[in-house]
Amino acid sequence: MKHLFDVIVIGGGHAGSEAAYAVSRAGGNVALITKKKDQIGVMSCNPAIGGLGKGHLVREIDALGGLMGVAADLSGIQFRLLNRSKGPAVQGPRTQSDRALYRKAVQGILSSEENIKFIESEVIDIFIQNGTVKGVELEDGTKIGTRSVVLTTGTFLNGLIRLGEEEITAGREGDFSSIKLAKKIREIACNTGRLKTGTPARLSSKTINWNLLERQQPDEKPTLFSFLHKKPFQRQISCGITYTNKSTHEIIRDNIEKSAIFNGSITSNGPRYCPSIEDKVVRFSDKDEHQVFLEPEGLSDDTIYPNGISTSLPKGVQEMYIRSIRGLENVKILNYGYAVEYDYVNPKSLKSSLEFKNTKGLFLAGQINGTTGYEEAAAQGLIAGINAYQYVTRGEPFTLDRSEAYIGVMIDDLVTRGVIEPYRMFTSRAEFRLSLRCDNADIRLTEKGHKFNIVSDNRMRSVGNKRSSINKLTENTKKLTFSNKELGELGVKQKKDGKKRSFHDILALNGVADKILQHLWRGFFDFDLDVREFVRADAKYNYYIDRQRSDVDRMRKNINIIIPKDIDYRKIDGLSSELKLKLSKVNPQHIHEASKVDGMTPSGLMLLISKINSFKKTA
């Protein structure tokens, strides 16, 4: 074989881009093999990055030295902080991205890396000898040697597009399907399956009656993704909001048998939390409307992404139901929506490093592991890339614990529980979510990225300075104390117990205005805003973090509790309908087994433990 590389990355999507970048930054010689070089970093579905849970992943990717946060900031055209009214732990940064600018940013970042070689081709085989990766074969017969492979095939592995009764062999509209490689993967992995995802039609902005629609404005004070950036690079714009209606739902119900999802053509599971419009109409039959966000795909692009109406209905039906929606009566459809099925490997076949258990040097990342979403894919790509090069250099695998990062939560969920439907990150999945905030991702993880040379020395020094400022400010806020009388005169509500309160205690209170804090200690405002907000969040969560650790310890102590055979999960208040259904189906024998049920959350386990304990008392 020729052209020996340390690592070969197969696929140029979000997982592949992060993997190749991580290997190159760490000092490895990497080949990024993709069918079309100009499609590297393309946003195949919605033109957005981040959200609840997903925004945490992007911040962690950035803290570790990855590229997604930087690319999102360079291309962001509408930044919004979701859950702004709630605590910092569950807030999620999100941005609409200019699709072309995002792709340009990713390609620009990768092209600046001298250690990355781009190869335009399709991989049709992976050579394995004595259980170890040795190389790959391209479609033209070229054989390339390597010490490690990162496989990031997205929806292309045996991809099949379904649109009504139409079937198109492709992983994405206008693209190919990786058939030969899919056969090879099925030979390597005994535990493979099929999953589904979908996308809506694309609409012409010029043909939408915007005057009839609500508008969603960007935040006045944008929250960006990369810790390197302070303000947006692009002009900020608004999105439109409209709703389906009774007429829309009637059209869909009348044609439901024409949907590939409902006519039996598709048997695989799709993402539960991003259902098609057909799913919504059937599952939520009591609702007369569903919200649709009209998201511009770029500053100079006429295309609108109607978030909320993905479908596999035929083209004619799509035209009817879309034009029944307010503001879209005369809309021009640029591209039709469709569903796509693809192969995936059960992630229980992987180690925590994302290396295949039965094949040395083969790492998997992204939708091939059963996840959905750009952010989940990128996070896996980063970890797989680091570990692929660690494997080559005989270093220790890099893993993150559930208590350290959302990335650690996701990978642990995947490799220990597996998936039966596309996995999506939520804040509720993390036991330690109060301490795994977006604002402290750099403090938690940047040093780890620096260890592998992915993070620069300058950035590491910057984080070190920030940590020093946080420690200094925290120490000062705990030293400064005030009497009940002093605080009462300023209108600060508190217990009248005669005890003095520190400035740190006051930061933990809700509704204390900056002017009151200035009156108490002006020196607080000499520190940078991000440092002040960090310390303020820490103060608010101190008590709850301690209680959370106590709950986690309690859960771990009860992990071997036997679950009564006659327990009725349907009657446990507080459990989601999804968990009630899955627990009833799996019928776990003890708490440890219940903890492995796909979709199980820490709060769900605590409810279950409490129910069992009360069940025993009354028995």
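In this chain, residues are counted from 1 in sequence order.
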Q) Are any non-hydrogen side-chain atoms of Val58 and Pro93 less than 4.5 angstrom apart? A) no
Q: State, with a plain yes or no, whether a side-chain heavy atom of Ile561 is found less than 4.5 Å away from one of His590.
A: no
Q | Donor-acceptor pair between Glu295 and Asn307 side chains, under 3.5 angstrom | A | yes
Q | Shortest non-hydrogen separation from Gly41 to Val106 and the atoms involved | A | CA-CG1, 4.0 Å
Q) So do the side chains of Leu64 and Leu400 get within less than 4.5 Å of each other, counting heavy atoms only? A) yes
Q | Side-chain donor or acceptor of Glu431 paired with backbone N/O of Ser403 under 3.5 Å | A | no
(Q) Are there over 12 heavy-atom neighbours, none belonging to Gln291, within less than 6.0 Å of that residue's CD? (A) yes
(Q) Please confirm whether the ring centroid of Phe426 lies under 6.0 Å from the ring centroid of Tyr273. (A) yes
Q) Does a side-chain heavy-atom distance below 4.5 Å link Arg417 with Tyr423? A) no
Q: Measure the CZ-OG1 distance between Arg467 and Thr446 for me, rounded to the nearest 0.5 Å.
A: 8.0 Å
(Q) Working to the nearest 0.5 angstrom, can you tell me the gap between Leu382 CG and Ile407 CD1? (A) 6.0 Å
Q | Donor-acceptor side-chain pairing of Asn471 and Ser468 below 3.5 angstrom | A | no
Q. Does any non-hydrogen side-chain atom of Val419 lie less than 4.5 Å from one of Asp413?
A. no
Q) At their closest point, which heavy atom of Pro88 faces which heavy atom of Ala537, and how far apart are they? A) CG-CB, 4.1 Å
Q. Do Asn510 and Lys540 meet the criterion of a side-chain donor-acceptor pair at a distance under 3.5 Å?
A. yes
Q.
When you measure from the side chain of Gln367 to the backbone of Tyr374, do you find a donor-acceptor pair of N or O atoms at a distance under 3.5 Å?
A. no
Q: Kindly indicate, with the supporting measurements, whether the criterion side chain to side chain contact (heavy atoms under 4.5 Å, CB included) is fulfilled by Cys239 and Arg215.
A: CA-CA 6 Å; Cys239 294; Arg215 304 295 280 186; over 6 Å; no
Q) Has Arg59 got its NZ or CZ under 6.0 Å from the middle of the six-membered ring of Phe227, at an angle within 45 degrees of the ring axis? A) yes
Q) How about Phe225 and His229: are their ring centres within less than 6.0 Å of each other? A) no
Q | Heavy-atom side-chain proximity of His14 to Met68 below 4.5 angstrom | A | yes
Q.
Using a 6.0 Å cut-off, check whether atom CZ of Phe233 has over 12 heavy atoms from anything other than its own residue.
A. yes
(Q) Once rounded to the nearest 0.5 Å, what's the spacing between atom CD of Gln96 and atom CD1 of Ile237? (A) 7.5 Å
Q.
Ignoring hydrogens, what is the shortest heavy-atom contact between Ile61 and Ala378? Give both atom names and the distance.
A. CD1-CB, 3.7 Å
Q) Okay, side chain of Gln380, backbone of Gly366: is any donor-acceptor separation there less than 3.5 Å? A) yes
Q. Just how far is it from atom CD1 of Ile386 to atom CZ of Phe398, taken to the nearest 0.5 Å?
A. 5.0 Å
Q | Pair Thr371-Asn369, side-chain donor/acceptor within less than 3.5 Å | A | no
Q: I would like to know whether Ser610 and Leu607 meet side chain to side chain contact (heavy atoms under 4.5 Å, CB included); could you show each step before the answer?
A: CA-CA 5 Å; Ser610 297; Leu607 277 171; 5.8 Å; no
Q. Considering all heavy atoms of both residues, which atom of Gln217 and which atom of Ser238 are nearest to each other, and what is their separation?
A. OE1-CB, 3.6 Å
Q | Ile241/Leu294 under side chain to side chain contact (heavy atoms under 4.5 Å, CB included): CA gap, chis, key distance, verdict | A | CA-CA 6 Å; Ile241 299 175; Leu294 300 175; over 6 Å; no
Q. Are any of the side-chain nitrogens in Lys451 or Glu447 under 4.0 Å away from the carboxylate oxygens of its partner?
A. no
Q. Do NZ/NE/NH1/NH2 and the carboxylate oxygens of Arg424 and Glu376 come within less than 4.0 Å?
A. no
**Q.** Sub-4.5 Å side-chain heavy-atom contact between Lys448 and Glu404
**A.** yes
Q: Give the intermediate values and the outcome of salt bridge (charged side-chain N to carboxylate O under 4.0 Å, His left out) for residues Lys582 and Glu421.
A: CA-CA 12 Å; Lys582 289 182 177 179; Glu421 62 192 29; 3.6 Å; yes
Q: Look at atom CZ of Arg570 and say whether more than 12 heavy atoms of other residues, nucleotides or ligands are closer to it than 6.0 Å.
A: no
Q: Could you tell me whether Asp528 and Lys466 make a salt bridge, using a distance below 4.0 angstrom between a side-chain N and a carboxylate O?
A: no
Q: Would you check if there is a donor-acceptor pair between the side chains of Thr601 and Arg429 at a distance under 3.5 Å?
A: no
(Q) Using a 3.5 Å distance criterion without hydrogens, assess whether the side chain of Thr244 forms a donor-acceptor pair with backbone atoms of His290. (A) yes
Q. Which pair of heavy atoms, one from Leu436 and one from His56, lies closest together, and at what distance?
A. O-CD2, 3.2 Å
Q: Start with the C-alpha distance between Lys571 and Asp568, add both sets of side-chain angles, then the distance that settles side chain to side chain contact (heavy atoms under 4.5 Å, CB included), and finish with yes or no.
A: CA-CA 6 Å; Lys571 294 181 179 179; Asp568 189 347; 3.4 Å; yes
Q.
Main chain of Ile77, side chain of Gln234: is a donor-acceptor contact present, judged purely on distance under 3.5 Å?
A. no
Q) Would you find more than 12 non-hydrogen atoms of other residues, nucleotides or ligands less than 6.0 Å from Asp286 atom CG? A) yes
(Q) Would you say that more than 12 heavy atoms from the other residues, nucleotides or ligands in this model lie under 6.0 Å from the OH of Tyr544, or not? (A) no
Q | Inter-residue atom distance Leu473.CG - Asp526.CG, 0.5 Å rounding | A | 10.0 Å
Q: Working to the nearest 0.5 Å, report the span between CZ of Phe432 and OH of Tyr406.
A: 12.0 Å
Q: Output yes when Asp62 and Arg459 qualify as a salt bridge under the 4.0 Å nitrogen-oxygen rule, no when they do not.
A: yes
Q.
Parallel, tilted or perpendicular, judged at 30° and 60°: which one describes the rings of Phe524 and Phe503?
A. tilted
Q | Asp219 and Arg84 ion-paired at < 4.0 Å | A | yes
(Q) Looking at Glu60 and Arg437, is there a salt bridge between them, counting it only when a charged N and a carboxylate O are closer than 4.0 Å? (A) no
Q: For Asp457 and His450, test the side chains for any donor-to-acceptor distance below 3.5 angstrom and give the result as yes or no.
A: yes
**Q.** Sidechain N-carboxylate O distance under 4.0 Å for Arg536, Asp514
**A.** yes
Q) Distance-only, no hydrogens or angles: does the Asp73 side chain make a donor-acceptor pair with backbone N or O of Ser226 under 3.5 Å? A) yes
Q) Does the Thr477 side chain pair with the main chain of Thr474, one donor and one acceptor, at a distance under 3.5 Å? A) yes
Q. Is there a side-chain contact between Leu490 and Glu486, using heavy atoms and a 4.5 Å cut-off?
A. no
(Q) Under a 3.5 Å distance rule, please check whether Asn387 uses its side chain to pair with a backbone N or O of Ile383 as donor and acceptor. (A) yes
(Q) Looking at Phe79, is its backbone amide N or carbonyl O close enough to the side chain of Gln236 to form a donor-acceptor pair, meaning the two atoms are under 3.5 Å apart? (A) yes
Q) Hey, is NZ on Lys499 packed in by over 12 heavy atoms from elsewhere, all under 6.0 Å? A) no
Q) If every non-hydrogen atom of Ala594 is compared with every non-hydrogen atom of Ile563, which pair is closest and at what distance? A) CB-CD1, 4.1 Å
Q | Tyr569 side chain vs Leu608 backbone, donor-acceptor pair below 3.5 Å | A | no
